[in-house]
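Working notes, structure below.
When a ligand or atom number is given, it counts from 1 through the structure's own listing order.
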Amino acid sequence: MRDIKNREDVFTLVSSFYEAVRKHKEIGPFFNETISDWDEHLEKLTDFWESNLFHRAKYKGNPRDAHIGVDQKSGHAVDIKHFGEWLRLWFTTIDRLFTGELAERAKNNARKMSTHLYLEIYKHRPENTQKH
Ligand code: HEM
């Protein structure tokens with residue numbers, strides 16, 4: 001097995017990952033209800049991971065606001081266990097396709113982001129924004 005080397009590899013990883021995500025019982029519905037243009041989403045997430053792994057400024061977006069929005073639209077249904085399932089699928093997909101330094105970086109970076117994203121979601125819930 002080889003490491004993640006270029007954008008094409010990132011696209012392969014992202015496509016396989018979202019195939020699994022869409023079929024997942026617990027987290028699939030969040031994605032299937034929000035995303036209408038999957039080609040666009042896969043390109044965007046390829047930009048995101050290409051920027052993250054190779055330090056290229058391709059991705060222009062705001063994951064924090066996007067996830068706060070997903071939580072609001074779902075009636076605040078996003079839970080830490082959804083992040084756990086997301087990460088499990090991300091790790092399994094990476095391990096099935098790639099091995100090496102970049103593959104490990106993709107796993108570690110996602111782990112770090114998940115804590116940050118969940119905390120941001122939590123802070124923006126109405127019951128928490130009212131507290132001082
Ligand atoms: C570490 C974990 C995660 C990472 C790194 C991640 C990353 C991303 C990124 C980069 C986007 C694109 C944001 C944009 O520019 O529009 C996105 C969108 C999205 N994410 Fe996540 N995500 C994670 C976990 C989750 C979880 C746990 C859920 C659901 C339970 C979720 C649901 C979504 C949905 C539905 C969108 C589409 C939002 C929209 O287009 O309005 N994500 N995610």
(request) Give yes or no for whether the N/O distance cutoff of 3.5 Å, strictly under, is met between Lys44 and ligand 1. (result) yes

(request) Have a look at Asn109 and tell me which of Lys107, Met113, Arg111 forms a side chain to side chain contact (heavy atoms under 4.5 Å, CB included) with it. (result) Met113

Indicate the atoms forming the closest heavy-atom contact of [X] with [Y], along with that distance.
{"X": "Lys123", "Y": "Asn128", "result": "O-CB, 3.9 Å"}
{"X": "Tyr59", "Y": "Ser51", "result": "N-OG, 2.9 Å"}
{"X": "Glu85", "Y": "Ile27", "result": "CB-CG2, 4.1 Å"}
{"X": "Trp90", "Y": "Phe17", "result": "N-CE1, 3.3 Å"}
{"X": "Tyr118", "Y": "Asp79", "result": "CE1-C, 3.8 Å"}

(request) Among all protein heavy atoms, pick the one closest to atom 9 (C) of ligand 1 and tell me residue, atom and distance. (result) Leu45 CD1, 3.7 Å

(message) Give me the nearest non-hydrogen protein atom to atom 39 (C) of ligand 1 as residue plus atom name, then the distance to 0.1 Å.
(response) Thr34 CG2, 3.7 Å

(request) Answer side chain, backbone, both or neither: which part of Tyr59 comes under 4.0 Å from ligand 1, heavy atoms only. (result) side chain

May I ask you to list the atoms of ligand 1 that are less than 4.0 angstrom from any heavy atom of [X]?
{"X": "His82", "answer": "27 (C), 30 (C)"}
{"X": "Phe48", "answer": "10 (C)"}
{"X": "Ala110", "answer": "1 (C)"}
{"X": "Ser114", "answer": "1 (C)"}

(message) So, taking the atom named CZ in Arg125 and the one named NE2 in His76, what distance separates them when rounded to the nearest 0.5 Å?
(response) 7.0 Å

(request) Please confirm whether Tyr118 comes under 4.0 Å of ligand 1, counting heavy atoms of the residue only. (result) no

(request) Answer yes or no for Gly69: is there a heavy-atom contact with ligand 1 below 4.0 Å? (result) no

(request) Check the pair Asp47, Arg7 against salt bridge (charged side-chain N to carboxylate O under 4.0 Å, His left out), reporting the backbone distance first and the verdict last. (result) CA-CA 8 Å; Asp47 284 349; Arg7 181 178 174 87; 2.9 Å; yes

(message) Is it the case that the side chains of Glu120 and His67 hold a donor-acceptor pair, with the cut-off being a distance below 3.5 Å and no angle test?
(response) no

(request) Check for a donor-acceptor pair, side chain of Arg64 on one end and backbone N or O of Leu117 on the other, with a separation under 3.5 Å. (result) no

(request) Sequence neighbours left out, what passes side chain to side chain contact (heavy atoms under 4.5 Å, CB included) with Ile35? Give chain and number order. (result) Phe31, Trp38, His41

(message) Closer than 2.8 Å to atom 21 (Fe) of ligand 1, what protein N/O/S atoms do you find?
(response) His67 NE2

